[in-house]
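Reminder, nothing fancy here: chain letters follow the sequence lines and each chain counts from 1. FYI, side chains are in, hydrogens and waters are out, and symmetry mates aren't considered; it's all heavy atoms of this structure.
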Amino acid sequence: MSQIPKNFEAKQVEEKWYSYWMQHDFFHSEPDRREPYTIVIPPPNVTGVLHMGHMLNNTIQDVLIRRARLKGFNACWVPGMDHASIATEAKVVAKLKEEGIDKNSLSREEFLSHAWEWKEKYGGIILEQLKKLGASCDWQRTKFTMDPHMSEAVIKVFVDLHKKGLIYRGYRMVNWDPQAKTTLSDEEVIYEERQGNLYYLAYPIQGSDEKVIIATTRPETILGDTAICVNPNDERYKHLKGKKAIVPLADRVVPIIEDEYVDIEFGTGCLKVTPAHDENDKVLGDKHDLEVIDIFNEDATLNAYGLHYKGKDRFVVRKEITEELGSKGYLVKVEQHVNKVGTSERTKAVIEPRLSDQWFLKMEGLAKPAIEAVLETEEVRFFPKKFVNTYRHWMENVRDWNISRQLWWGQQIPAYYYSDGKEDLVVAETKEDALRLAQERTGDSGLTMSDLRQDEDVLDTWFSSWLWPISVFDGIRDPENEEIQYYYPTNDLVTGPDILFFWVARMIVAGYEFKDEHPFSNVYLTGLVRDKQRRKMSKSLGNSPDALKLIEDFGADGVRVGLLLSSAAGNDLLFDEALCQQGKNFANKIWNAFRLIKGWQVDETIKQPEHSKIGLQWFEAKFQKALSEIEDHFSKYRISDALMAIYKLVWDDFCSWLLEIVKPAYQQPIDKVTYDKVISLLEDNLRILHPFMPFLTEEIWQHISEKTPEEALIVDQWPSQHGHDGQLIKDFELAMEVVSGIRTIRKEKNIAFKDQIALFVLNAEKTTTLLDAMVKKLGNISEVAYVEGKVEGALSFRVRSNEYFIPIMGSIDVEGEVSKLREELGYTEGFLASVRKKLSNERFVSNAPEKVVALERKKEADALAKIATIKASLENFQ
RNA sequence: GGGCGCGUAGCUCAGUUGGUUUAGAGCACUUGGUUUACACCCAAGGGGUCGGGGGUUCGAAUCCCUCCGCGCCCACCA
């Protein structure tokens with residue numbers, strides 16, 4: 001035994017087995033006759049580094065995939081990365097800036113070559129980090145959303161949807177990120193409450209001395225005002241009908257229009273209309289046919305309409321224009337006002353509503369089958385279920401998806417303009433096809449490639465990732481290929497609820513649209529990882545632990561267990577390093593159980609002791625019981641409950657009870673029957689533990705006996721279920737309570753374990769001699785003797801209706817014993833009273849099911865018997 | 001403003017369609033322990049009027065109402 005280290009040393013073991021598994025291709029999957037079990041990874045950003053969320057996510061996926069592998073499925077976990085347009089482009093722009101290169105000085109092609117260079121050099125660190133966690137991904141299948149084949153699929157889908165009339169170009173109000181100079185989808189905008197001001201401005205009425213007061217939060221936008229609007233039912237403004245107002249500073253004359261949209265109660269009940277910079281104003285503008293004046297440049301500085309503020313940033317202008325309005329007498333008052341400001345999820349910049357030409361995907365029709373799949377057919381099930389509501393709400397009110405982004409990094413939209421007209425375009429997979437189409441359309445066969453100009457925009461990154469479960473198997477380009485037929489639909493998807501709309505919902509949509517089938521059967525939504533104070537983990541707070549450091553400190557298995565121990569699906573995980581410590585301790589516990597067993601000398605001539613026999617039978621029953629509970633937990637995606645069940649099985653039942661029972665005396669050999677059985681039970685434990693703690697279990701597995709690669713634990717078999725002896729478990733519990741009673745008395749009376757004691761039993765409930773053997777062993781009892789009456793000069797305790805006596809040397813602390821007995825009596829009498837209260841209620845006896853009443857009667861009888869015993873003992877002392 | 005969910009031991013959570021001892025687990029805590037697998041350990045133990053109030057029922061942590069507190073999602077008024 002001395003050659004086996006006392007503590008489990010995770011580090012070298014992890015490296016050893018990961019490369020062993022890789023070397024033998026155990027993570028790799030090819031279609032075969034087995035049933036497939038497939039997971040596609042939520043592709044992390046190519047710019048990403050491993051954080052706690054990834055750790056949790058991928059640990060869960062690895063648990064599922066390893067378990068499926070053990071269950072004999074052809075397990076395939078496809079890894080990959082997302083090109084993350086905005087994030088990556090921002091990174092590359094920043095890096096170029098450091099090198100003194102301005103993005104605007106580069107051509108698109110030049111920029112893209114820098115971007116690819118960046119990607120090759122820095123991208124995908126995260127995948128290497130996942131290996132440290134033990135993720136058993138099929139790395140031969142690693143995909144990137146901008147791989148040529150993946151991009152081709154994206155383009156193909158765009159063309160297809162365009163043909164179906166679902167993609168259209170619209171001049172619309174979009175969320176504009178002035179920092180990234182691109183559009184964001186509604187989902188990428190985060191609203192934050194900010195303390196701002198409500199400015200009350202006076203607009204002169206044309207041809208009169210009267211002024212009308214208007215409240216606004218964005219005074220700089222007055223330069224884009226093209227109307228004033230009041231509610232037609234507002235008596236205060238009736239007389240203004242048909243008149244015109246003059247916009248301060250701009251001196252523009254604008255109409256005063258009436259619309260019920262205006263809230264009479266808010267502000268002054270009078271609204272300035274700026275169609276270019278507010279969604280609602282745009283609607284009003286369209287309705288009343290108003291002029292649209294855009295006052296911003298694309299970086300949200302003011303353009304020529306900004307007059308003398310031209311070139312200044314909107315927030316600078318807000319401050320300065322307020323002062324100017326004040327000095328010229330237009331500013332009536334300023335009130336504090338809390339309003340919600342949209343900010344970019346990625347750049348944090350304040351979003352401006354902006355009108356621009358964008359590409360949209362019609363969602364309403366596409367959403368239908370995806371709604372059905374989750375709400376009606378349940379072809380796709382969510383865990384936890386509560387997210388179904390969230391999903392429905394969003395999907396039933398889904399808006400058209402703005403899929404264009406004003407960036408270069410991504411798939412360029414395959415639309416080609418053949419003239420200066422905005423609508424003079426064709427959509428095609430290749431430029432050659434586009435030319436043909438353009439020639440047909442115009443009837444001008446003289447049109448050449450150089451007459452075509454491709455749309456500058458790229459597609460939203462989610463427009464590639466919504467195809468992920470299909471495109472990783474090349475199912476868009478080649479729908480009949482063997483892989484897509486075999487692996488699709490995939491089984492489980494594990495991701496965070498924050499991308500339920502961005503990604504999950506859209507994948508379901510794409511699944512039905514392009515494969516006519518659900519993309520996955522189950523969606524496991526994890527919670528967010530928070531710190532102990534419930535704060536979200538974030539870089540800026542600096543409360544996110546270094547993932548790799550954690551693995552270093554606690555071992556990958558320890559971290560995996562730590563993360564899983566408290567992560568019920570959909571519940572936030574309050575991360576605490578103590579949990580990883582618990583995981584590490586658990587690893588060490590198992591390691592030492594193994595060391596103990598490995599150290600035993602086997603003697604084939606020894607007969608199996610009775611206590612070992614019963615102990616092994618009992619553990620087998622316990623194992624089977626636990627196994628069925630574990631299966632049940634897995635079926636409900638209660639991963640942490642499954643782990644906890646295994647934790648208790650291994651620590652309490654296997655180590656604390658079974659091993660103590662079968663353990664031979666110091667330096668004594670063990671019989672072969674027991675030894676072999678213990679080994680096989682240990683192996684079963686390792687099998688069910690393996691998905692959670694792959695490294696530790698493989699290490700022990702291969703230490704137990706020499707194994708060929710085919711016999712590695714990772715590709716072994718999950719134990720089979722075959723029922724269990726429930727009665728044995730119950731009987732054993734009685735014996736356990738007896739052992740516990742003996743230990744209590746030993747502790748109270750300071751009787752060392754090595755001193756043997758005698759145990760007398762006044763027996764009402766039957767026990768078997770096998771169990772007595774177990775009690776003898778664990779209690780270090782010289783003999784278990786059955787008696788007819790109370791034993792004098794002994795300490796006693798009761799388990800169920802049996803009474804146990806331990807004679808002790810010296811005098812007994814009568815007072816102490818009596819008070820203990822009185823306490824026990826008090827409790828039991830209280831209990832009896834509560835039972836009798838029920839039983840004396842006639843309506844209970846007549847209405848409750850027979851079974852329930854019978855149970856109460858049994859409780860009553862047991863309590864009475866126990867009370868009699870305690871009273872008798874008390875009399876003995878008096 | 002609309003919707004969803006949650007409040008059970010110091011902490012994190014179980015508690016399936018109301019009925020198995022006067023509610024469970026893990027961690028933490030207390031006490032004792034150098035027993036030759038493990039102090040990253042062993043053993044024993046304390047701790048909750050199930051957010052408050054009301055109701056339905058023979059019986060409520062579990063169902064209904066209401067109040068209080070918390071979280072999330074959606075929409076958004078200048």
Ion pair check, A:Lys11 and A:Glu9, cut-off under 4.0 Å: no
Below the 4.0 Å mark, does B:C74 have OP1 or OP2 next to a side-chain nitrogen or oxygen of A:Asn397? no
How far, in whole Å, is B:C72 from B:C67 if one measures between their P atoms? 23 Å
Measuring to OP1 and OP2 of B:A78, would you say a side-chain N or O of A:His337 lies under 4.0 angstrom away? yes
Does the aromatic ring of A:Tyr827 sit over the six-membered base ring of B:U22, closer than 5.5 Å centre to centre and tilted less than 30°? yes
Expressed as a whole number of Å, how far does the P atom of B:A60 sit from that of B:A23? 14 Å
When you check the phosphate oxygens OP1 and OP2 of B:C42, does a side-chain N or O of A:Lys747 lie under 4.0 Å from one of them? no
A:Leu271 CG to B:C76 P, straight-line distance once rounded to whole Å: 16 Å
For atom CD of A:Glu396 and atom C1' of B:C74, their distance in whole Å: 13 Å
Separation of the C1' atoms in B:G59 and B:U22, to the nearest angstrom: 14 Å
Is it the case that A:Lys776 and A:Ser782 place a side-chain donor and acceptor less than 3.5 Å from each other? no
Looking only at side-chain N and O atoms, does A:Thr390 come under 4.0 Å of OP1 or OP2 in B:G3? no
Do the charged groups of A:Lys282 and A:Glu279 touch, with an N to O distance under 4.0 Å? no
Can you tell whether the side chains of A:Glu352 and A:Arg218 come within less than 4.0 Å, N to carboxylate O? yes
To the nearest Å, give me how far apart CG (A:Leu778) and C1' (B:U35) are. 13 Å
Could you tell me whether A:Glu856 and A:Lys838 have a side-chain N and a carboxylate O separated by less than 4.0 Å? yes
Once you apply the 3.5 Å cut-off to both distances, tell me the Watson-Crick or G-U wobble partner of B:G71, or none. B:C4
B:A44 phosphate, OP1 or OP2: any side-chain N/O from A:Ser740 under 4.0 angstrom? yes
Ignoring hydrogens and geometry beyond distance, is the side chain of A:Glu660 in donor-acceptor contact with the base of B:A43 at under 3.5 Å? no
Between C1' on B:C41 and CG on A:Asn7, what's the gap in Å once rounded to a whole number? 11 Å
Scanning all shown strands, the Watson-Crick or wobble mate of B:A78 with both distances under 3.5 Å is none
Does A:Arg595 place a side-chain N or O at less than 4.0 Å from the phosphate oxygens OP1/OP2 of B:C40? no
Atom CZ of A:Phe654 to atom P of B:A37: distance rounded to whole Å? 15 Å
Establish, yes or no, whether a centroid distance under 6.0 Å links the rings of A:Tyr804 and A:Phe797. yes
On a whole-Å scale, what distance lies between the C1' atoms belonging to B:G53 and B:C74? 32 Å
When the P atoms of B:G5 and B:G15 are compared, how many Å lie between them, rounded to an integer? 15 Å
Length of the line joining A:Lys820:NZ and B:G46:P, which is rounded to integer Å: 13 Å
So, OP1 or OP2 of B:G33: does either fall under 4.0 Å of a side-chain N or O from A:Asn750? no
Write down the partner of B:U62 under the Watson-Crick or G-U wobble criteria, each distance required to be under 3.5 Å. none
For A:Ala848 and for A:Thr216, locate the closest nucleotide of RNA chain B by heavy-atom distance; then report the residue assigned to the nucleotide nearer the 5' terminus. A:Ala848
Any strand: nucleotide that pairs with B:A43 via Watson-Crick or wobble, under 3.5 Å: B:U31
Is there a side-chain contact between A:Lys858 and the phosphate of B:U21, meaning an N or O under 4.0 Å from OP1 or OP2? no
If I pick the C1' atom on B:U62 and the same atom on B:U16, what distance separates them, to the nearest angstrom? 11 Å
Integer-rounded Å distance: B:C74 C1' and A:Tyr391 OH: 16 Å
When you match A:Trp651 and A:Met644 each to their closest nucleotide on RNA chain B, which lands nearer the 5' end? A:Met644
A:Lys858 with A:Asp862: basic N within carboxylate O range, under 4.0 Å: yes
How many Å lie between CG on A:Leu528 and P on B:U12, as a whole number? 16 Å
Using OP1 and OP2 only, check whether a side-chain N or O of A:Tyr200 sits under 4.0 Å from B:A78. no
Ignoring backbone atoms, test whether A:Asn280 places a side-chain nitrogen or oxygen under 4.0 Å from the OP1 or OP2 oxygen of B:C77. yes
For B:G3, take OP1 and OP2 only and decide whether either is under 4.0 Å from a side-chain N or O of A:Lys386. no
